[in-house]
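Here's the structure, in structure tokens; my notes come after.
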Amino acid sequence: MIAKIIVDVPANQTDRLFDYGVPEKWEDLIEPGMRVVVPFGPRKVQGFVVDLVEETELEKVRNIQDMMDVDPVLTPELIELGFWLTDETLCFAVSAFQAMLPAAMKANYKKKIVVAETFDGKLAEEVSRWFEHRNEIPWEDIKDSQVLPIFKKEIKRGALESQVVVKEKTAPKTQAALILPYPKEELESRMEELNDRAVKQKEVLSLFYEINAPIAIPELIELADTTRGTIKSLVQKGLLKQIEQEIYRDPYKFKSFKPSKPLDLTEEQRKAVEPIMNSLDESYHNTFLLQGVTGSGKTEIYLQTIAHALNQGKEAIVLVPEISLTPQMVSRFKGRFGSDVAVMHSGLSKGEKYDEWRKIHRGEVKVVVGARSAVFAPFKNLGIIIIDEEHESSYKQEETPRYHARDVAIKRAKYHRCPVVLGSATPALESFARAQKQVYTLLQLKERVNKREMPDVEIVDMREELRSGNRSMFSKPLFDKLIDRLEKGEQSVLLLNRRGYSTFLICRDCGYVLDCPHCDISLTYHKINHMMKCHYCGYEQRAPKVCPNCTSEHIRFFGTGTQRVEEELAKILPDARVIRMDVDTTRRKGAHEKLLGQFGDGKADILLGTQMIAKGLDFEKVTLVGVLAADAMLHLPDFRASERTFQLLTQVSGRAGRHELHGEVVIQTYTPEHYSIQYASHHDFDSFYVKEMQARKLHGYPPFYYITLINISHEEITKVLSVTEKITNFLKANLSENSIVLGPVASAIPRIKDRYRYQCMIKYKVEPDLNRLLKEILKRFSKELTKDNLQITIDRNPHMLM
DNA sequence: GTCAGGCTTATC
DNA sequence: ATAAGCCTGACG
């Protein structure tokens, strides 16, 4: 039997199937979707079995050396999906497979040197010293040392041998547990063996009449109210046996979730639920775009449609943007579906993610709530896929494989003939356009569940503020309202979107800005230990006291970081209790939940934060939302800038007045007339959509055109330019008249980590051959890619144009 | 000649 | 990606 295998060597030349023989003893065990260890040239690598056949065209093949799984980790569906992803995103097949599995399962290669079994001569003097106290030398120990040539010589002569051990990165966690090493029926007779004085031991043993599964030692001690010693002597006498039991690292172990029952649906909700239920009942694929204003009860629709799928014996995937941001969401799902839920998000450790994944793999859970990569959950009988806040940019992976979770979800749903529900108050323009064209089915919720009105929004022109002498970052209206809330004991949320507003260092005399020496971007000031840091390459240096250019002392930090806002708040509202949420304060595990918990408990008056506070928060006492700089994102080199601004403003406005108390929003901006800001303030998605569609049409952007972005980078600018030019010319010559090829253009950040970056953008409507052409480009430059350290990245649907 | 160091090539 | 094999040029 021959196995077709994708090897774990991400390179152009190895991105294909390799044939390996299946040893007879494994013929009945091996299945497609398993990971195996195979010899590959002189080394050993991990491989994915993707097919089993009888014949090979090769003269001779080598055998699979080891199996890494008992159960395939990839279902036939996922194998197929992997190849689809490979084709779709132009990545290596291994990369696609690896992206579908938790990082902990990536192979870990350990190379070591041993004395060859067949060798019985004498080792070279220098080498034999190394083997005095051990029989294997880790490769790292000699890799960079002087003796390496001698080792190599010995290997050549056959005296030494290099071996590679392929292991998983993380092993299942185990704990010591106890079992009866004999049938239960024997318990009574066994107990008689014990001395009459061993009262406690008998007591412990008798508990095993009731205990059926292995029991952890601490648990038994607790249960029997005994000590380690008692148990130890039972083990010594052979009356109990200690085993190692696999356990899960459960991040939610010590948390209890309030069980919730399905709520009564409003008329509007019922109307939205019905078609989804139909799709479930008749098991056909359909993509629904569920557009509901903030607070309209989308989550309840998710919960009830999922419950329906579970009743049919099917499984559900729920994608949420970076879920750690919304512990409230997790609670709702755990509350409704209890232990049927696995949670997957970036806040978990590698081991925790691995364990959650195994729960899915073993069929121990029916629902997964997770970030982007959860779309690959190895369910076999998917009933529904839900993507909450479907417009969120975090659904697009910005590394290879550059996929969008929405596309993968729809692909999987087609296979499983099940519905996909895209939920959002502010759908992505692409999605809404598809709904308009009846590609998706549009379901709308226009009212908030409790009939609360949308908050009143006030736009404040910061130019006016400046003219009237207010140079602070808080406008008069915002300041007054903050004071008002403080007095009333209500809470406020302040949003500062830092993107485009980082703190950089500028000399007020000569205008010099401190840049990264390796990237064309200014360094960002970090208050902790007074450092200047590059966000792209990690370079850092001390913040200078005088201008490096003109030695002036008038060198100042410019921009508005959350830290600065916090300081200013402390000055103008010294009594306000402020919680700051940004990358710095939420880095530690669980910090998010802790801070939000504190805010929810009323331990602070103001929650100040970046993007991360815009989503999903639902606090009763929040009646004021302030956006400090609404146009921060508006001027980024990105055709989605207006859309992002509109979405963020709408999103964050929805945090105010969700309950009894009426909400107010203050938006501070330097461009109050901009339509994103105007329409967001009127909660008017429809008008925004019309206006933005006009802009997209005019400039030839999605959803009117598809775009593909090719990024080329190299240490030498001339090289980058010539390659980019060749690529653009090639595309221009081969694409249809109606397509537009732009470039070569320097990227928005023309240099990162000492590499120059140029790009070429393709805008097109129909181009069935584009994939082939792009592969052709990669092939043409494949030599330079490996040899000359040239980099070409292709994004078939870019969301970041940098 | 020998040998280190760069370039090419194959990996079932 | 990576290691082995081939080629090349410097040195003795």
Side-chain angles (χ1 to χ4, degrees), chain A residues 1-24 26-27 30 32 34-68 79 83 86 90-99 106-114 116 124 126 137-140 142-167 169 399-401 715 719 778-793:
Chain A
M1 192 156 63
I2 300 296
K4 297 276 184 189
I5 288 177
I6 293 285
V7 291
D8 178 24
V9 184
N12 246 314
Q13 296 172 68
T14 50
D15 184 35
R16 57 185 180 84
L17 292 170
F18 286 87
D19 293 1
Y20 283 90
V22 177
E24 234 166 82
W26 290 337
E27 290 214 337
I30 219 144
M34 282 180 172
R35 296 169 304 154
V36 290
V37 179
V38 291
F40 194 66
R43 48 202 178 123
K44 286 182 198 88
V45 297
Q46 189 188 68
F48 289 91
V49 179
V50 296
D51 200 5
L52 291 171
V53 294
E54 287 308 316
E55 304 275 313
T56 173
E57 271 150 40
L58 295 160
E59 298 262 300
K60 58 176 178 196
V61 292
R62 297 166 83 180
N63 271 352
I64 289 175
Q65 197 198 295
D66 217 342
M67 291 171 56
M68 294 183 80
I79 295 175
F83 284 117
T86 301
L90 299 151
C91 71
F92 303 130
V94 236
S95 314
F97 290 138
Q98 241 133 36
K106 213 176 147 196
N108 187 12
Y109 299 100
K110 274 253 161 7
K111 196 171 158 183
K112 60 187 186 184
I113 307 293
V114 295
E126 297 92 323
I137 315 276
W139 180 250
E140 284 95 72
I142 53 162
K143 191 174 57 181
D144 307 308
S145 88
Q146 303 277 312
V147 287
L148 184 63
I150 310 170
F151 270 85
K152 280 204 166 160
K153 227 179 253 169
E154 293 293 279
I155 291 170
K156 215 165 200 171
R157 158 173 102 95
L160 295 180
E161 214 171 56
S162 82
Q163 285 184 1
V164 180
V165 187
V166 185
K167 269 199 307 202
K169 278 228 169 91
E399 301 130 46
T400 42
E715 286 139 50
K719 179 81 191 167
L778 288 177
K779 211 162 125 200
R780 247 182 228 202
F781 289 98
S782 65
K783 266 231 178 85
E784 276 138 295
L785 289 176
T786 40
K787 213 182 65 189
D788 204 20
N789 212 5
L790 177 75
Q791 269 177 33
I792 301 180
T793 54

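Residue numbering restarts at 1 for every chain, and letters A, B, ... go by the order of the sequence lines.
Phe40(A) comes within 4.0 angstrom of a base, heavy atoms only. Across all strands, Val9(A) comes closer than 4.0 Å to base atoms (heavy-atom distances). Residue contacts shown for Arg43(A) include a base, since a base heavy atom lies under 4.0 Å away.
Side-chain proximity of Arg16(A) to the nucleotides dC12(B), dA3(C), dA1(C) is greatest for dC12(B). Among dA1(C), dC12(B), dA4(C), the nucleotide with an atom closest to any side-chain atom of Pro42(A) is dA4(C).
In this structure, Lys44(A) places its NZ atom 12 Å from P of dC12(B), rounding to the nearest Å. Distance Asp8(A) CG to dT2(C) P: 10 Å, rounded to the nearest Å. Following rounding to the nearest Å, Lys152(A) (NZ) and dA3(C) (C1') show an atom-to-atom distance of 8 Å. Going from atom CD1 of Ile155(A) over to atom P of dG5(C) covers 13 Å, rounded to whole Å. We find that CD of Glu59(A) is positioned 13 Å from C1' of dC12(B), with the value rounded to whole Å. If you measure from atom CZ of Phe92(A) to atom P of dA1(C), you get 7 Å, rounded to the nearest angstrom. The CG atom of Asn12(A) sits 17 Å away from the P atom of dT11(B) (whole-angstrom rounding). In this structure, Gln46(A) places its CD atom 17 Å from C1' of dT2(C), rounding to the nearest Å.
A distance-only check finds a donor-acceptor pair linking the side chain of Tyr20(A) to the backbone of Pro39(A) [under 3.5 Å]. In terms of modelled atom types and a separation under 3.5 Å, the side chain of Thr56(A) and the main chain of Asp19(A) share no donor-acceptor contact. Looking only at distances, no side-chain donor or acceptor of Arg35(A) sits under 3.5 Å from a matching main-chain atom of Lys106(A). Here the side chain of Tyr109(A) pairs no donor or acceptor atom with the backbone of Lys44(A) at under 3.5 angstrom.
Taking the ring centroids of Phe92(A) and Phe97(A), they lie at or beyond the 6.0 Å cut-off.
Of the side-chain N and O atoms in Lys783(A), none sit less than 4.0 angstrom from OP1 or OP2 of dC7(B).
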